[in-house]
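Read through the structure below, which is laid out as structure tokens, and then see the notes.
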Amino acid sequence: MTTRRPFIGGNWKMNTERASASSLVRGVIDGLVGLQGVDVAVFPPFPYLLTVGSILRERGSAVRLGAQDAYFEPDGAFTGEVSLAMLRDCGVSVVLTGHSERRHILGEGETIVHLKTKAVLDAGLECILCVGEKLDEREEGRTDSVNEEQVRLGLRDVPAEQVDRLTIAYEPVWAIGTGRTASPADAQDAQMKIRRVLTDLYGKDHASRIRIMYGGSVKASNARELFAQPDVDGGLIGGASLKASDFVAIVRAAVAGA
Ligand code: 13P
């Protein structure tokens with residue numbers, strides 16, 4: 001960790017129900033009372049955004065409301081899709097793009113990821129662009145080239161003025177939901193190289209301010225060591241974000257490692 005303020009996101013994916021989403025966010029709020037020096041966001045499923053958002057507002061919490069996805073068109077005949085204006089209307093301030101489950105399960109290609117990333121930033125919201133290699137790509141020694149390509153294509157035509165609202169999440173696909181975490185050294189190496197790409201695109205000043213999160217089987221027991229790496233500016237947490245006490249422990253590890 002460096003002078004960049006750590007950022008921890010809880011990506012609830014397609015989990016929770018209305019009651020459990022409410023108690024989960026209440027547990028997160030309670031567990032983080034008084035904690036400073038870290039940005040935290042939760043990403044509930046779309047149907048619970050308003051419920052979770054209103055609990056955050058009622059409690060005056062600094063935890064931010066995030067969306068797991070968004071469509072890039074402003075409105076129209078796009079059955080099943082959700083626009084950025086709708087999300088903003090629900091209190092969302094940060095949106096994930098390029099999550100590996102959308103790339104590899106839902107079949108989103110680079111063009112869609114790019115259009116979504118651009119739309120989020122053009123809408124004035126914060127974007128977390130997720131990148132990361134699959135196991136076969138890692139085994140073929142292509143980790144850095146895959147990350148570089150996903151960063152460059154995702155950020156095509158994104159101007160430097162917008163990248164202060166950008167975070168990158170490095171999530172090696174083989175580490176997501178598998179219990180297999182990248183070693184702190186491997187995460188640092190990949191993320192340092194991602195920062196080099198950002199430096200090439202936007203210059204050193206901008207690149208040194210962009211936060212790069214690590215995601216993939218982060219737990220309370222491994223978080224501190226990961227977040228202690230100089231280019232690991234926090235984490236995007238899946239499974240361990242579904243239990244308030246685990247998620248809170250991970251956020252606390254980010255503050256301790258800062
Ligand atoms: P897990 O923490 O469950 O591995 O998920 C990581 C992730 O995909 C967060 O977006």
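If you read the sequence from its start, that first residue is 1, and numbering goes on from there. A quick note: this is a predicted structure, and the numbers were derived from the prediction, not measured. Counting starts at 1 for both ligands and their atoms, in listed order. Basis for what follows: all heavy atoms, side chains included, without hydrogens, waters or symmetry-related copies.
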message: Quick check: Thr178 and ligand 1, any N/O pair under 3.5 Å apart?
response: no
field: Asp30 with Arg26: basic N within carboxylate O range, under 4.0 Å
entry: no
- prompt: Any chance the side chains of Trp174 and Glu133 put a donor and an acceptor closer than 3.5 Å?
  reply: yes
- prompt: Is Glu110 paired with Arg156 through a side-chain N to carboxylate O contact shorter than 4.0 Å?
  reply: no
- request: Around atom 2 (O) of ligand 1, find the nearest protein heavy atom and jot down its residue, atom name and distance.
  value: Gly238 N, 2.9 Å
- prompt: Evaluating non-hydrogen atoms only, which member of Gly239, Gly179, Gly215 is closest to atom 3 (O) of ligand 1?
  reply: Gly239
query: Mind checking what makes ring pair (Phe, Tyr, Trp, His ring centres under 6.0 Å) contact with Tyr48, not counting sequence neighbours?
result: none
message: Just so I know, are the side chains of Arg165 and Cys127 near enough to count as touching, which here means a heavy-atom distance under 4.5 Å?
response: no
statement: Checking heavy atoms under 4.0 Å, the part of Asn11 that sits near ligand 1 is side chain
Proximity flag Ser241 to ligand 1, non-hydrogen atoms under 4.0 Å: no
message: Applying the salt bridge (Lys or Arg N to Asp or Glu O under 4.0 Å) criterion to Asp233, which one of Arg211, Arg5, Arg195 satisfies it?
response: Arg195
- prompt: Is a side-chain N or O of Gln150 found less than 3.5 angstrom from the main chain of Gly132, in a donor-acceptor match?
  reply: yes
task: List every atom of ligand 1 that sits less than 4.0 Å from any heavy atom of Ala175, numbering the atoms from 1 in the order shown and giving each element.
output: 4 (O)
query: Going by the atom numbers of ligand 1, which of them fall below 4.0 Å from some non-hydrogen atom of Leu236?
result: 9 (C), 10 (O)
task: Heavy-atom distances under 4.0 Å are what count here, so tell me which part of Ala240 touches ligand 1: side chain, backbone, both or neither.
output: neither
query: Below 4.5 Å, heavy atoms only, C-beta onward: do Lys116 and Leu96 meet side chain to side chain?
result: no
task: Give the atoms of ligand 1, by number and element, whose distance to some non-hydrogen atom of Gly177 is under 4.0 Å.
output: 1 (P), 3 (O), 4 (O)
message: Counting only heavy atoms, tell me which of Glu171, Lys13, Glu101 gets closest to atom 5 (O) of ligand 1.
response: Lys13
task: List every atom of ligand 1 that sits less than 4.0 Å from any heavy atom of Gly216, numbering the atoms from 1 in the order shown and giving each element.
output: 4 (O), 6 (C)
- prompt: Considering only protein heavy atoms, which is closest to atom 10 (O) of ligand 1, and at what distance to one decimal place?
  reply: His99 NE2, 2.8 Å
